[in-house]
Amino acid sequence: MKAIVLGAGIAGVSTAWYLLQAGHEVIVIDRAEAAAMETSFANAGQLSYGYTTPWASPGIPAKAAKWLLKHHSPLILKADGSAYQLQWLLQMLKNCTAEHYQTNKERMVRVSEYSREMFRRFEAETGMDFEGRHLGTLQIFRTQKEAEAAEKDIEVLAEYDVPYQRLKPEECLQYEPALHHAVGRIAGALLLPNDATGDCHLFAGRLKTLCEEKGAVFKFNHSIERIEHNGKRITAVIAGGERFEADRYVCALGSFSRTVMADLGLDLPIYPVKGYSLTVPITNAAEAPVSTILDETYKVAITRFNERIRVGGMAELSGYDIKLSPERRETLELVVNDLYPQGGDLTRATFWSGLRPMTPDSTPIIGASKFDNLFLNTGHGTLGWTMSLGSAKIAADLVCGTMPEVRSDDLGMARYG
């Protein structure tokens with residue numbers, strides 16, 4: 001079988017890998033000059049299997065109203081001039097019920113935990129170095145109220161046998177010694193020991209090389225011009241002035257899945273949520289993070305790579321604008337300065353922004369479409385790196401007509417009616 005994967009971000013390259021593993025011929029098409037040049041380029045770096053939580057929850061509407069009034073807000077809302085922005089927000093609000101939250105959380109944890117297992121298998125098989133660490137995530141709470149609110153998430157972790165440990169402020173220093181500067185401002189913490197970290201861009205680039213060694217062809221600098229079909233099946237993709245034909249096709253276009261698939265009459269409920277990151281060179285390893293710290297107040301993650309600190313976070317709903325905002329940089333600098341003031345050199349930091357493809361229920365869209373030979377693997381939001389290998393294996397199995405190892409019937413477009 002010949003398969004074409006649209007998109008060479010972490011979702012697309014991972015899907016190509018599992019299709020190749022199944023013995024198929026694969027072509028990957030992307031408009032960028034290399035793999036993982038957009039959303040996957042400088043994300044926060046955490047493989048947060050345990051910290052897998054829907055945006056839409058019962059308390060979010062009230063929190064969002066307060067956040068929008070804060071200077072260092074984790075949420076920024078700017079009208080993008082489209083009716084779709086409002087439509088998407090209303091869909092998300094409909095998911096802010098206890099019932100929907102539990103349903104969405106269960107789906108997301110299922111995919112994340114499967115992805116953790118797939119990463120375990122992948123690393124055992126390939127031994128790839130992507131600056132990965134298996135030292136967990138430390139979620140810190142600056143107020144007792146934040147700590148109490150985490151109990152709902154803990155219930156789901158317990159249900160799925162995901163290891164966790166509640167920590168007192170001083171106990172955090174066992175795992176992150178350099179937090180000694182800030183321990184007095186921490187009310188408590190949650191340790192998720194099974195979480196990991198790694199450079200997503202580095203991983204995707206090296207995985208692309210492995211795919212090429214297995215025969216995959218990557219067509220970079222190829223913007224999709226149109227997708228031809230006969231009403232039931234996709235017949236060809238025209239990109240970069242070339243015509244590509246295959247037996248089956250996979251859409252892994254991230255935030256641009258909606259715009260490209262709209263030409264096929266597919267209404268994908270995906271909105272581009274902008275995030276920011278700083279990459280800071282480490283100057284004092286002893287005063288830098290050991291793994292990942294998630295600051296619940298600011299919704300900012302601080303992750304350790306070999307010689308760099310990645311600081312990422314915030315959610316800005318402003319359409320496809322990726323301009324860098326000095327105010328957002330100020331927030332990232334404030335958090336890393338507060339927690340790790342002597343770890344790195346902020347004057348040499350690299351500032352970046354990218355778009356995450358978010359669905360109203362925070363769950364990715366993995367599965368079939370109305371076309372017999374078109375499949376979807378998109379809409380992972382802020383968890384594309386975390387869910388990458390699990391989602392890709394599920395998608396590849398569905399493309400191949402193989403029963404996935406975990407339940408997948410509720411991950412497709414059918415859940416939107």
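A heavy-atom distance below 4.5 Å is not found between the side chains of Y271 and M92. Side-chain atoms of L89 and L77, non-hydrogen and from C-beta on, do get closer than 4.5 Å to each other. Side chains of E333 and V311 form no contact here, defined as non-hydrogen atoms less than 4.5 Å apart. No side-chain heavy atom of L202 sits less than 4.5 Å from a side-chain heavy atom of F305. Here the side chains of R107 and R415 are in contact, with some heavy-atom distance below 4.5 Å. The closest side-chain heavy-atom distance from I76 to K274 is not below 4.5 Å.
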Side chain to side chain contact (heavy atoms under 4.5 Å, CB included) for M387 and S112? Distances and angles first, verdict last. CA-CA 5 Å; M387 294 182 171; S112 287; 3.6 Å; yes
Report the C-alpha distance between Y51 and E296 in whole Å, list the side-chain angles of each, state the deciding distance to 0.1 Å, and finish with yes or no for side chain to side chain contact (heavy atoms under 4.5 Å, CB included). CA-CA 11 Å; Y51 189 75; E296 182 63 19; 3.2 Å; yes
Show the numbers, then the answer: is there a side chain to side chain contact (heavy atoms under 4.5 Å, CB included) between L253 and T378? CA-CA 7 Å; L253 291 166; T378 185; 5.8 Å; no
Go through L383 and V111 one step at a time and tell me if the side chain to side chain contact (heavy atoms under 4.5 Å, CB included) criterion holds. CA-CA 10 Å; L383 293 168; V111 176; over 6 Å; no
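A donor-acceptor contact shorter than 3.5 Å is absent between the side chain of R258 and the backbone of D267. Looking at S14, its side chain never comes within 3.5 Å of a backbone N or O of A11 through a donor-acceptor pair. Of the possible polar contacts, one joining the S40 side chain to the I10 backbone as a donor-acceptor pair under 3.5 Å is found. For N373 (side chain) and D247 (main-chain N/O), a donor-acceptor pair under 3.5 Å exists by modelled atom type. Y175 contributes no side-chain N or O that, together with a main-chain N or O of T137, makes up a donor-acceptor pair within less than 3.5 Å. Using a distance-only test at 3.5 Å, with no hydrogens or angles considered, no donor-acceptor pair links the side chain of T292 to the main chain of T303. The backbone N or O of R31 lies less than 3.5 Å from no partner atom in the side chain of S223, so there is not a single donor-acceptor pair. Put simply, the side chain of T143 gets close to the backbone of E146: a donor and an acceptor are under 3.5 Å apart. Although no hydrogens or angles enter the test, the distance criterion places no donor-acceptor pair under 3.5 Å between the side chain of Y320 and the main chain of L355. E131 places a side-chain N or O within donor-acceptor distance of the main-chain N or O of N306, the cut-off being under 3.5 Å.
For the residue pair C251 and M261, the shortest heavy atom distance occurs at SG-CG, 3.9 Å. The two residues K323 and Y276 make their nearest non-hydrogen contact at O-OH, 3.8 Å. Scanning all heavy atoms of the two residues, the minimum distance from T197 to S291 falls at CG2-OG, 3.7 Å. Between L374 and S369, the shortest heavy-atom distance links the atoms O-OG, 2.8 Å. Residue A349 comes nearest to V280 through the heavy atom pair CB-CG2, 4.0 Å, listed as atom of the first residue, atom of the second, then distance. Considering every non-hydrogen atom in both E327 and S325, the closest pair reads OE1-OG, 2.9 Å.
The side-chain contact (heavy atoms from CB on, under 4.5 Å) test with E176 singles out one residue from I302, L135, L339, V290, and that residue is V290. Each of N377, V399, L411 was checked for a side-chain contact (heavy atoms from CB on, under 4.5 Å) with I394, and the lone residue meeting it is L411.
In terms of the salt bridge (Lys or Arg N to Asp or Glu O under 4.0 Å) criterion, residue partners of R407 (sequence neighbours excluded) are, by chain and number, D409, D410. Take R116 and apply the side chain to side chain donor-acceptor pair (under 3.5 Å) test, not counting sequence neighbours, and it matches E113. With sequence neighbours left out, the salt bridge (Lys or Arg N to Asp or Glu O under 4.0 Å) criterion links E213 to no other residue. Here D338 pairs with R142, R185 under the salt bridge (Lys or Arg N to Asp or Glu O under 4.0 Å) rule; sequence neighbours left out. A search for side chain to side chain donor-acceptor pair (under 3.5 Å) contacts involving R121 returns E117, E405, not counting sequence neighbours. Listed by chain and residue number, nothing satisfies the salt bridge (Lys or Arg N to Asp or Glu O under 4.0 Å) test with E287 (two or more places apart in sequence, or in another chain). With sequence neighbours excluded, the residues forming a side chain to side chain donor-acceptor pair (under 3.5 Å) with T279 are R310, listed by chain and number. With sequence neighbours excluded, no residue forms a side chain to side chain donor-acceptor pair (under 3.5 Å) with T363.
Between H72 and Y298, the angle of the ring planes goes over 60°, which puts this pair in the perpendicular group of the 30/60° scheme. Below 30°, between 30° and 60°, or above 60°: for F122 and F203 the angle between ring planes is between 30° and 60°, a tilted geometry.
A distance of 14.5 Å separates CZ of R329 from CH2 of W352, quoted to the nearest 0.5 Å. Distance check: H134 NE2 to N194 CG gives 10.5 Å after rounding to the nearest 0.5 Å. Between the CG atom of D345 and the CG atom of N284 there is a distance of 12.0 Å, given to the nearest 0.5 Å. L93 CG to I60 CD1: the interatomic distance, rounded to the nearest 0.5 Å, is 10.0 Å. Interatomic distance, C200 SG to F130 CZ, rounded to the nearest 0.5 Å: 9.5 Å. Of the inter-residue distances, the one linking F141 atom CZ with L294 atom CG reads 8.5 Å to the nearest 0.5 angstrom.
E151 and R166 are joined by a salt bridge, as a carboxylate oxygen and a charged side-chain nitrogen come within less than 4.0 angstrom of each other. Salt-bridge check for K78 with D321: failed, with every basic side-chain N at 4.0 Å or more from each acidic carboxylate O. Between E123 and R120 there is no salt bridge, since none of the side-chain N atoms of the basic residue sits less than 4.0 Å from a carboxylate O of the acidic one.
Taking the ring centre of Y340 as origin, the terminal cationic atom of R304 falls outside the region bounded by 6.0 Å and 45° from the ring axis.
Side-chain contact of T97 with E99: a donor-acceptor pair under 3.5 Å is absent, judged by distance alone. Side-chain N/O atoms of Q139 and Y164 include no donor and acceptor closer than 3.5 Å.
Within the structure, side-chain hydrogen bond (donor to acceptor under 3.5 Å, both in side chains) contacts touching residues 389-399 (residues at least two apart or in different chains) are H380-S391, K393-D397. Applying the side-chain hydrogen bond (donor to acceptor under 3.5 Å, both in side chains) test to residues at least two apart or on different chains, the pairs with a partner in residues 59-71 are H71-E330.
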Donor-acceptor contacts, no H, no angles, side chain residues 16-29, under 3.5 Å, sequence neighbours left out:
from : atom 1 : to   : atom 2 : distance (Å)
Q21  : OE1    : K214 : NZ     : 3.2
Q21  : NE2    : E125 : OE2    : 3.3

Indicate every side-chain donor-acceptor pair of residues 41-48 with a distance under 3.5 Å to a residue at least two apart or in another chain.
from : atom 1 : to   : atom 2 : distance (Å)
N43  : OD1    : G45  : N      : 3.2
S48  : OG     : T386 : OG1    : 3.4

